[in-house]
Amino acid sequence: MKMQMVTCVAPVNIAVIKYWGKRDENLILPLNSSISITLSPTQLRAKTTVALSKDFEKTRIWLNAVEQNPDNPRLQNIIRKIKHRAFRCNGEKNGQANKEDMLNWHLHICSENNFPVSAGLASSAAGYSCLVAAMANLFEVEGDLSGIARLGSGSACRSMYGGFVEWDLGHCSDGSDSLARQIAPCDHWPELRALLLVVSEQPKTVSSTLGMQNSVNTSELLRSRVECIVPRRLAELRASIAEKDFEKFAQICMKESNQFHAICLDTYPPIGYLTEVSDQIIALVHRFNKLCERLKVAYTFDAGPNACLFLMEEDVPRFLSLIRHFFRPVNNGPENFIHGLPVDVPRVTTEDVLNISIGVMPDSIHYVIYTSVGVGPHKLEGSEHCLLNDKGYPK
Ligand code: DP6
């Protein structure tokens, strides 16, 4: 069978200035700009293989081994946009007739994540950005692709770049200037690390799409946040990143997370994404910072109970010793508790335990992923990486 196939990986991104609220539901245009950090795809990534053949009878998509309905409008929008750009950019290059044929062929798409889906770990961002990267590669579409990834999921546009990324809200009604761009490369702040604390692998109670719709319709706090608070915080966060000022960064990061969840509670009926375990993680971070007499750890939570903590590499072992103590793994076994980058975690000190003095919640964190800032989407060469076999079906 004659077939063209491309496999890409794409990273997860964690918003420090949150996107919450759209001004256009179809074009996925946000009410405010946001800033995120792309995490290393070595630890957290989506992987997507896209195949194109004139012998495929219809477009099919498999997500984490389960076949999905390809009629999903967000998916269809992405396919249409990529094909449109391919036609415009490459029509002449590859011979008009051949290209036109290819654009009418069907696709087989297979995608998987190496982390829990829908648990508030930005899986849709990685997934849609990976799909766009793979399709753009297949159809030889060049230039900025964040505007197309945005049509899959708003936050996906930020996963099109590595390092520190800003998604400009834009002002055009067609969304042409609502794009993501890198504000600092991935090696800009080499000591910065992230710890993802996986509290729950259950799907979200309320999807981000629905949650933000309800907030836009009912939360008065959201309006003043968008108008008055976000513009100032964007400028402050950009400066803290440029200056690598962790204390300034940490304060904005935590306040942003808290304000986002305050808006969820101000939504009517209220949305509560945080759990008792999330609250305990927040308490641990604040007590640790107080004990150190400076901000050494920052938390941020998206639409779920899992935490993303930012800290400097030198503080990771001590802080992990505290996490292991207060949220101690019983069922999972301590050896499976910390995934990702290698780290030697010392025994927790009695002094630290007494000073922090929060309640112990055994087995409440399933595992921790230790990672760093990472690069954007890229292509994997070699058929061993493909998720589809030589007939175009999942391996
Ligand atoms: C809380 O990008 O998942 O993670 O655009 O409707 O698909 P849709 O929403 P999505 O929302 C992400 C919300 C957030 C904050 C953020 O990532 O900025």
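Please read all numbers here as calculations on a predicted model, not as lab measurements. Below, all heavy atoms of this structure are taken into account, side chains as well, without hydrogens, waters or symmetry copies. Remember, it's 1-based here, ligands and their atoms both numbered in the order they're listed.
- An N or O contact shorter than 3.5 Å links Gly154 to ligand 1 by distance.
- Distances from ligand 1 to the non-hydrogen atoms of Arg150 include no value under 4.0 Å.
- Short contacts between ligand 1 and Ala15, defined as distances under 4.0 Å to a heavy atom of the residue, involve ligand atoms 16 (C), 17 (O), 18 (O).
- Ligand 1 has no N or O atom lying under 3.5 Å from any N or O atom of Ser34, backbone or side chain.
- No hydrogens or angles considered: a donor-acceptor pair under 3.5 Å links the side chains of Asn258 and Tyr299.
- Taking only nitrogen or oxygen atoms, main chain and side chain alike, Asn13 does not reach within less than 3.5 Å of ligand 1.
- For atom 15 (C) of ligand 1, the nearest non-hydrogen atom from the set Tyr128, Trp167, Tyr19 comes from Tyr19.
- Considering only heavy atoms from C-beta on, Tyr273 comes within 4.5 Å of Val206 through its side chain.
- Within ligand 1, counting atoms from 1 as listed, the ones closer than 4.0 Å to a heavy atom of Thr209 are 6 (O), 7 (O), 8 (P).
- Applying the 4.0 Å criterion to heavy atoms of Ser208 picks out, from ligand 1, the atoms 3 (O), 9 (O), 10 (P), 11 (O).
- Side chains of Ser159 and Asn13: a donor on one and an acceptor on the other come within 3.5 Å.
- The shortest N or O to N or O distance between Arg74 and ligand 1 is below 3.5 Å.
- A 4.5 Å side-chain heavy-atom check between Leu151 and Lys81 finds at least one atom pair inside the cut-off.
- Within the listing of ligand 1, atoms 1 (C) sit less than 4.0 angstrom from a heavy atom of Phe260.
- In summary, the side chains of Arg80 and Asn77 do present a donor paired with an acceptor at a separation below 3.5 Å, with no hydrogens or angles considered.
- The aromatic rings of Phe56 and His108 sit parallel to each other, their planes meeting at less than 30°, with 60° as the upper class boundary.
- Where the criterion is an N or O separation shorter than 3.5 Å, residue side chain and backbone included, Ser155 meets it with respect to ligand 1.
- Heavy-atom proximity to atom 16 (C) of ligand 1, evaluated over Arg158, Gln213, Met212, is greatest for Arg158.
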**Study point:** Working for ring-ring contact (aromatic ring centres under 6.0 Å, His included), residues His188 and Phe164
**Key:** CA-CA 9 Å; His188 166 69; Phe164 301 79; 5.8 Å; yes
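- Distance check: Cys292 SG to Phe319 CZ gives 9.0 Å after rounding to the nearest 0.5 Å.
- For ligand 1, the atoms lying closer than 4.0 Å to a non-hydrogen atom of Lys22 are 5 (O), 6 (O), 8 (P).
- In Ile28, the part holding a heavy atom less than 4.0 Å from any atom of ligand 1 is the side chain.
- Between Asp55 and Lys2 there is no salt bridge, since none of the side-chain N atoms of the basic residue sits less than 4.0 Å from a carboxylate O of the acidic one.
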